[in-house]
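Everything quoted here is computed from the prediction, not taken from an experiment. Atom set for the values below is all heavy atoms of this structure, side chains included, hydrogens, waters and symmetry mates excluded.
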Amino acid sequence: MIDWDDVRYFLAVARGGSVRAAAERLGVNHATVLRRIAQLEERLGVHMFEKLPSGYRLTAAGEEVLEFADQMETSSHLLETRVFGRDQSVRGLLRVTLATHLLMPDFADFARLHPDIEMDILSFGELANLTNREADVAIRVVYDRKTLPLNLHGLKGPELFGAVYMSRDRLAAWRAGAPDPVRWIVISMHGIPDWASEGEVRTTGGPFRVTDAGAQIAAVRQGLGITTLPCFVGDADPLLVRVPGSDLHMYGTVWLLTQGETRKTKRVRLFTEFVSRRLTAYAPLLAGLSVSRD
């Protein structure tokens, strides 16, 4: 009988293209991956990979194995989610992925209400694969619902808007005629969004580039220039103010996403209903309507 664990290692190498990538994904060492692959090859009597300088490439036999391995993985996940969906106890593990820490105080409230639920918060930069049970609930901003897989189920939340911000001190200095240049502060991989305008403040010089949102906020607080931020971030920061004359922009709609039988479990239902109510209360903040402007 084929060991499903060996198949998982095969899939990790096939998808990652190397033993190192597979080991990192599975959280094991290099030797364990090689041993598992060797076991499966011995069981099947074929060589599944060709080792090249650039990595591991599937052989013809490996391509055939991959087709059936994908089917085994799908069946395994289906079995797991169906059994999981019958679990109606308010205890156990709940995995949630989100792209912002806005809801962390609410997660703390939920954890205090349900101490038997073990919460695993995954701050992924991209949408977790709910079908493969990387998470039970995903909280994401979605511009077009049609772009999401059809097998996902969602609770629609508020719309999320962004604006252009600068520090209050830098705006005061600019109004007073300070000669210091005002620059765009951008995250390198994103650049300046098409929708963003400078408003009444004109930038000079090249952009000031950073690699993450934390550095972006630190730079704008220091008065280096202007930047785009979600309104719930910019409006909540007492050191920042919207650039006069600049416009709001809708990023998309916040969705609570679940998959298949998972959504039927009691702990998932309790969590999504709880967070949905909290998101409704945050609607003015997310839309940029919660504060008066200078």
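- Within the 4.5 Å cutoff, the side chain of V137 has no heavy atoms near those of the L257 side chain.
- Between R15 and D70, at least one side-chain nitrogen of the basic residue sits less than 4.0 Å from a carboxylate oxygen of the acidic one, meeting the salt-bridge criterion.
- Atom CD1 of I185 is separated from atom CD1 of I226 by 8.5 Å, given to the nearest 0.5 angstrom.
- Just one residue in the list V268, L155, T265 forms a side chain to side chain contact (heavy atoms under 4.5 Å, CB included) with T258, and that residue is V268.
- Looking only at side-chain heavy atoms (C-beta outward), W184 and E198 come within less than 4.5 Å of each other.
- When hydrophobic clusters are built by joining Ile, Leu, Val, Met, Phe, Trp and Tyr residues whose side-chain heavy atoms come closer than 4.5 Å, directly or via intermediates, M104 is grouped together with I217.
- Of all the heavy atoms in P244 and R175, the pair that sits closest is CG-NH2, 3.5 Å.
- One hydrophobic cluster, built from ILVMFWY side chains closer than 4.5 Å, cannot hold both V233 and M250; they sit in different ones.
- A donor-acceptor contact under 3.5 angstrom links the side chains of Q216 and T227, judged on distance only.
- Taking all atoms of both residues into account, the shortest heavy-atom contact from S197 to V164 is O-CG2, 3.7 Å.
- Residues Y282 and V254 have side chains not in contact (no heavy-atom distance under 4.5 Å, counting atoms from C-beta outward).
- Within the model, atoms CZ of F110 and CZ of F271 stand 6.5 Å from one another, a figure rounded to the nearest 0.5 Å.
- The nearest pair of heavy atoms linking G16 to A21 is O-CB, 3.8 Å.
- Distance check: W255 CH2 to R140 CZ gives 15.0 Å after rounding to the nearest 0.5 Å.
- Other residues, nucleotides and ligands place more than 12 heavy atoms under 6.0 Å from the CD atom of Q71.
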Worksheet item: Could you walk me through whether R209 and S188 pass the side chain to side chain contact (heavy atoms under 4.5 Å, CB included) check?
Response: CA-CA 5 Å; R209 301 184 187 279; S188 299; 3.6 Å; yes
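- The CG atom of D136 sits 10.0 Å away from atom CE of M119, with the distance rounded to the nearest 0.5 Å.
- When each of L171, V182, V201 is paired with V243, the side chain to side chain contact (heavy atoms under 4.5 Å, CB included) condition holds for V201 and for no other.
- Placement of V46 and F68 in two distinct hydrophobic clusters is found when ILVMFWY residues are connected by side-chain heavy-atom separations under 4.5 Å, directly or transitively.
- Contact between F107 and V275 at its shortest, heavy atoms only, is CE2-CG2, 4.0 Å.
- Annotation for R20: atom CZ does not count as buried by contact number, only 12 or fewer foreign heavy atoms lying within 6.0 Å.
- By the 4.5 Å heavy-atom criterion applied to side chains, Y9 and L26 are counted as neighbours.
- Of all heavy-atom pairs spanning P181 and T204, the tightest one is CB-OG1, 3.1 Å.
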Discussion item. If you apply the rule side chain to side chain contact (heavy atoms under 4.5 Å, CB included), what do you find for F49 with V13, and how did you get there?
Written reply: CA-CA 9 Å; F49 294 102; V13 176; 3.6 Å; yes
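- Side-chain N or O atoms of R202 include one that pairs as donor or acceptor with a backbone N or O of G199 at under 3.5 Å.
- Within 6.0 Å of CD in Q222 there are 12 or fewer heavy atoms belonging to other residues, nucleotides or ligands.
- Between the side chains of D237 and Y165, not a single donor N or O lies within less than 3.5 Å of an accepting N or O.
- Of all non-hydrogen atoms in S167 and L240, the two that sit nearest each other are CA-CD2, 4.0 Å.
- Note on M166: it clusters hydrophobically with L229, by side-chain heavy-atom contacts below 4.5 Å among ILVMFWY residues.
- A heavy-atom distance below 4.5 Å is found between the side chains of L256 and S276.
- In this structure, the side chains of E159 and L286 stay at 4.5 Å or more apart for every pair of heavy atoms.
- Of the charged side-chain nitrogens involved, at least one lies within less than 4.0 Å of a carboxylate oxygen, so that R278 and D109 count as a salt-bridged pair.
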Practice prompt. Please report the C-alpha distance between I187 and V210 in whole Å, then the side-chain angles of each, then the deciding distance to 0.1 Å, and finally whether the side chain to side chain contact (heavy atoms under 4.5 Å, CB included) criterion is met.
Written response: CA-CA 5 Å; I187 295 179; V210 295; 4.1 Å; yes
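- L11 is listed as a side-chain neighbour of L66, based on a closest heavy-atom distance under 4.5 Å.
- The existence of a salt bridge linking D235 and R242 is confirmed by a sub-4.0 Å separation between a basic side-chain nitrogen and an acidic carboxylate oxygen.
- Between F161 and F232, the gap from one ring centroid to the other reaches at least 6.0 Å.
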Worksheet entry | Residues D180, R170; criterion side chain to side chain contact (heavy atoms under 4.5 Å, CB included); working and verdict | CA-CA 9 Å; D180 294 342; R170 187 66 189 87; 3.5 Å; yes
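- A distance-only check finds a donor-acceptor pair linking the side chain of R183 to the backbone of G206 [under 3.5 Å].
- Taking CG of L34 as the reference point, atom CD of Q39 lies at 11.5 Å (rounded to 0.5 Å).
- For the atom pair NE2 (H249) and CG (L160), the distance works out to 9.5 Å, reported to the nearest 0.5 Å.
- Both Y251 and V186 are members of a single hydrophobic cluster when ILVMFWY side chains are connected at heavy-atom separations under 4.5 Å.
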